Amino acid sequence: MLFPLKFDKPAVRALNLRLMTELVRKILSEALGRMGVSAPERIEVEVPREESMGDIATPLAMSLARTLKRPPRKIAEEIVEKIGAILGLAGGAEGDFEKIEIAGPGYINFTFKRESLYRSFSGFLRQGEAFFRKDIGKGRKILIEFVSANPTGPLHLGHGRGAALGAALSNLLAAAGFKVTREYYINDAGRQVGLLGESVFARYQELFGIAYPFPEDGYRGEYVIDIARGIAQAEGDRYKGLEFASPNSDYFANTACAMMLAVIKTDLEGFGVAFDVWQSEKELYDKNEVPGTIEYLSQKGFVYEKEGATWFKATLFGDEKDRVMIKSGGQYTYFASDIAYHKKKVDGGFDELINIWGADHHGYIPRVKAALEALGYEKERLKVLLVQIVSLLRGGKPVQMSKRAGEFVTLREVIEEVGADTTKFIFLTRKADSHLDFDLEVAKAASAENPVYYVQYANARINSIFRNAAEKGFTVDSDSLGRAGLSPLSEPEETRLIKKILLYPAALEAAVQAREPHRITYYLQELAGMFHPYYNRHRILADERELSLARLSLCMGVGLVLKDGLRLLGVAAPEKM
RNA sequence: GCGCCUGUAGCUCAGUUGGAUAGAGCAACUGCCUUCUAAGCAGUGGGUCAGGGGUUCGAAUCCCUUCAGGCGCACCA
């Protein structure tokens with residue numbers, strides 16, 4: 001069943017390249033229909049590398065060559081012929097295309113008329129943000145869990161990478177019509193917090209001159225002493241000389257954990273990363289959700305006892321071995337609470353769960369997915385994004401970090417040294433699963449040539465132009481500029497910029513679908529990389545008023561996209577630099 | 001030993017989900033500020049897409065294999 005072709009609808013007429021690709025798809029699909037060929041589910045279209053190859057191209061004829069058993073160019077010819085007939089019928093629509101031609105091994109290249117591009121661009125200025133947005137999510141609920149660092153120490157650089165990615169991805173998905181919940185899971189139960197508590201307890205005793213044996217695997221960082229001081233300040237010497245046992249041990253563990261968490265929250269705030277929910281692991285125990293979940297799995301027959309421990313039959317769901325939930329000593333494993341946690345997530349009515357984990361946890365994925373499946377959910381519902389290790393360098397040399405001695409460079413220190421925007425931008429110029437070398441000297445000393453400044457500077461320049469334009473009596477807002485005539489724009493760079501801007505929604509969509517914010521980063525660099533040379537070659541505020549107005553419109557478009565993109569990445573867009 | 005990630009220009013990395021002649025930024029060299037911000041611009045050089053096989057009209061992209069780096073293979077978190 002073919003859709004009705006109505007090209008003169010404003011929705012198609014006045015929109016952007018993304019819709020233009022849809023227009024091309026529709027035409028192609030219709031052409032195939034008339035040839036008696038069933039169209040593929042998704043007709044491939046792409047932006048050709050060379051400008052001379054048109055604005056949009058499709059390798060459709062080539063991919064059909066096999067099934068039709070005919071030469072690609074012959075197929076292309078027939079498609080183009082049908083398109084000619086369709087456009088003739090549709091009336092007015094042919095006005096959008098400058099030419100449609102066959103090239104290379106069988107590409108069909110579409111070139112839009114310049115006026116058509118200009119019309120779309122003006123529409124964009126008047127529409128504003130609505131132009132960028134496509135409702136891809138349609139209200140689907142996504143829970144995105146990230147950072148979730150143990151509250152036993154300060155955040156380090158790797159956490160920062162996860163934070164930057166999670167925040168940007170959340171922004172991106174929310175902008176695309178998903179209902180996003182940002183969540184931090186706090187591992188505030190179990191052995192590690194106890195160990196933190198004991199470490200603090202030992203330092204506390206030291207403050208009063210009492211030698212308390214420091215726990216074997218204790219936390220040796222400087223911050224432990226800070227916490228001990230804090231407690232000494234609040235409570236004085238009332239714990240002096242006591243044993244580390246309940247209820248004192250609980251007090252120290254909980255207090256240390258709470259204080260550490262407060263530091264983490266402050267650091268994340270300083271990094272510009274916010275969460276909607278802080279989910280406590282301890283709360284899962286307090287509300288009996290961990291034993292409850294095990295019981296639930298047990299009723300389904302996925303649990304057994306062996307050698308005094310309680311096991312989950314993970315192998316039934318594709319994991320390589322079964323996993324312990326309750327140790328023979330009676331304690332729950334981390335995995336046990338994790339099952340309960342993920343049950344809570346899916347029970348919350350989320351259509352999709354995204355976890356951002358450090359790559360060193362990748363071996364953990366099959367068992368969590370297995371647990372989800374045992375709970376009755378498709379494992380596809382959970383998507384785990386692995387963030388690779390960040391190697392911290394200074395001047396090309398690795399910065400020594402000894403976890404044993406508790407010496408490591410924290411996220412806060414890096415932010416203080418190189419700045420939050422730069423740090424985020426560097427994280428977001430890599431895809432998550434590639435290793436990342438973070439060189440402090442490069443990030444900082446090269447700040448003049450840092451890519452983040454390159455992008456921000458383009459926006460600052462545009463704002464500077466606007467200030468000057470306002471002084472000269474131009475009305476500088478997107479609505480009035482959206483009504484300016486664009487026909488004075490005759491430079492090839494100007495058309496190129498307009499096409500790039502019209503491509504922004506497609507870039508967003510690709511980033512959303514792939515769940516990869518770094519695509520936005522690259523897009524912005526490309527856009528800025530087109531604007532700076534243009535600015536350098538042509539005066540925006542030219543002698544003729546009409547030309548100035550048209551160029552101001554162009555600048556407005558560039559600025560709007562830059563600001564929107566930076567905002568999604570969580571990076572500032574200063575008006576002056 | 002098994003599993004996952006990575007390998008693209010001297011360095012750091014992209015590469016639109018299999019398409020046309022593989023890109024950018026650094027670094028190197030040469031130029032450009034009395035005109036809207038030089039955190040900028042113009043120009044030059046730079047490649048066995050780790051190696052080898054395969055799949056097909058077409059491969060950096062998919063499959064197999066070898067090599068190299070990283071990370072996992074707990075009744076740890």
Side-chain angles (χ1 to χ4, degrees), chain A residues 44-50 53 57-59 62-63 65-66 71-72 103-107 109 150 152 187 190-193 195 217 306-311 320-321 323-335 338 358-366 386 388-389 391 396 426 429-439 442 446-458 460-469 471-472 503 506-507 509-511 513-514 518-519 521-523 525-526 528-529 531-542 548 551 555 576-577:
Chain A
E44 289 174 72
V45 292
E46 61 193 54
V47 177
R49 207 159 33 76
E50 299 288 334
M53 296 166 175
T58 180
M62 293 182 292
S63 45
R66 194 171 319 159
Y107 280 96
N109 295 341
N150 280 359
T152 51
N187 291 114
R191 204 177 100 84
Q192 295 306 315
V193 241
L195 208 52
D217 308 318
K306 194 179 87 180
E307 294 162 6
T310 304
W311 299 69
E320 48 183 30
K321 52 184 82 165
R323 306 292 176 179
V324 170
M325 293 183 295
I326 305 175
K327 299 186 239 176
S328 51
Q331 311 95 322
Y332 291 98
T333 60
Y334 179 83
F335 181 50
D338 234 21
D360 52 341
H361 287 73
H362 73 258
Y364 208 77
I365 298 173
L386 294 175
Q388 280 294 342
I389 308 300
S391 317
I426 289 176
T429 44
R430 268 87 176 165
K431 58 178 179 217
D433 56 8
S434 65
H435 301 254
L436 167 59
D437 284 347
F438 194 103
D439 193 313
V442 172
S447 69
E449 298 108 33
N450 207 299
V452 68
Y453 295 108
Y454 188 76
V455 175
Q456 288 178 324
Y457 187 50
R461 266 187 161 167
I462 288 167
N463 278 284
S464 174
I465 296 167
F466 287 163
R467 287 191 291 271
N468 288 316
E471 277 181 26
K472 292 190 178 180
L503 218 47
E509 191 173 346
Q513 242 130 27
H518 77 274
R519 290 170 189 251
T521 317
Y522 277 88
Y523 172 89
Q525 292 186 79
E526 286 162 12
F531 176 74
H532 285 304
Y534 171 67
Y535 168 90
N536 220 263
R537 247 186 96 157
H538 303 287
R539 276 196 72 78
I540 308 302
L541 300 173
S548 300
R551 288 184 170 167
C555 289
K576 285 185 187 175
M577 288 175 70

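The figures that follow rest on heavy atoms only: side chains count, while hydrogens, waters and symmetry mates do not. Bear in mind the structure is a predicted one, so any value in this text is a computation, not a measurement. Residue numbering restarts at 1 for every chain, and letters A, B, ... go by the order of the sequence lines.
- Across all strands shown, B:A68 forms a Watson-Crick or G-U wobble pair with B:U6, both key distances being under 3.5 Å.
- Phosphate contact (OP1/OP2 of B:G15, side-chain N/O of A:K431, threshold under 4.0 Å): present.
- Map A:Y534 and A:T333 each onto its nearest nucleotide of RNA chain B; the residue landing nearer the 5' end is A:Y534.
- In this structure, A:H518 reaches the sugar-phosphate backbone alone: every heavy-atom distance under 4.0 Å involves primed, P, OP1 or OP2 atoms, never a base.
- Taking the syn range as angles within 90° of 0, the glycosidic angle of B:C13 is outside it, so the base is anti.
- Taking side-chain N and O atoms only, A:R539 has no distance below 4.0 Å to OP1 or OP2 of B:C36.
- Note on A:T310: nothing from the nucleic acid sits closer than 4.0 angstrom, heavy atoms only.
- When the side-chain nitrogen and oxygen atoms of A:S434 are compared with OP1 and OP2 of B:A14, one or more of them lie within a distance under 4.0 Å.
- Base-pair partner of B:C36: not found among the strands shown (Watson-Crick or G-U wobble, both distances under 3.5 Å).
- Spacing of P atoms, B:G10 relative to B:G45, comes out at 15 Å, to the nearest Å.
- In this structure, B:G43 forms a base pair with B:C29, meeting either the Watson-Crick or the G-U wobble geometry with both donor-acceptor distances under 3.5 Å.
- Side-chain N/O atoms of A:S328 and base N/O atoms of B:C75 include a donor-acceptor pair closer than 3.5 Å.
- The glycosidic torsion of B:U65 lies more than 90° away from 0, which places this base in the anti conformation.
- In this structure, A:Y334 does not reach the B:A77 phosphate: none of its side-chain N or O atoms is under 4.0 Å from OP1 or OP2.
- For B:G3, the OP1/OP2 oxygens have no side-chain nitrogen or oxygen of A:Y364 closer than 4.0 Å.
- Between A:Y364 and A:H361, the two ring planes are perpendicular [angle over 60°; tilted spans 30° to 60°].
- Within 4.0 Å (heavy atoms only), A:I365 reaches no atom of the nucleic acid at all.
- A close approach under 4.0 Å does not occur between any side-chain nitrogen or oxygen of A:N450 and OP1 or OP2 of B:G25.
- Stacking of A:H532 onto the six-membered ring of B:A38 is not present when judged by under 5.5 angstrom between centres and under 30° between planes.
- Within 4.0 Å of A:E307, counting heavy atoms only, lies at least one base atom of the nucleic acid.
- Contact annotation for A:A65: no contact, since no heavy-atom pair falls under 4.0 Å across all strands.
- Below the 3.5 angstrom threshold, one finds no donor paired with an acceptor across the side chain of A:H361 and the base of B:G72.
- At a threshold of 4.0 angstrom between heavy atoms, the contacts of A:R537 with the nucleic acid are absent.
- B:A24: Watson-Crick or G-U partner is B:U12, with both key distances under 3.5 Å.
- Contact annotation for A:A57: base contact, defined as any heavy-atom pair under 4.0 Å involving a base atom.
- The base of B:A77 is not paired with the side chain of A:D338 by any donor and acceptor separated by under 3.5 Å.
- OP1 or OP2 of B:U37 has not a single side-chain nitrogen or oxygen of A:R467 nearer than 4.0 Å.
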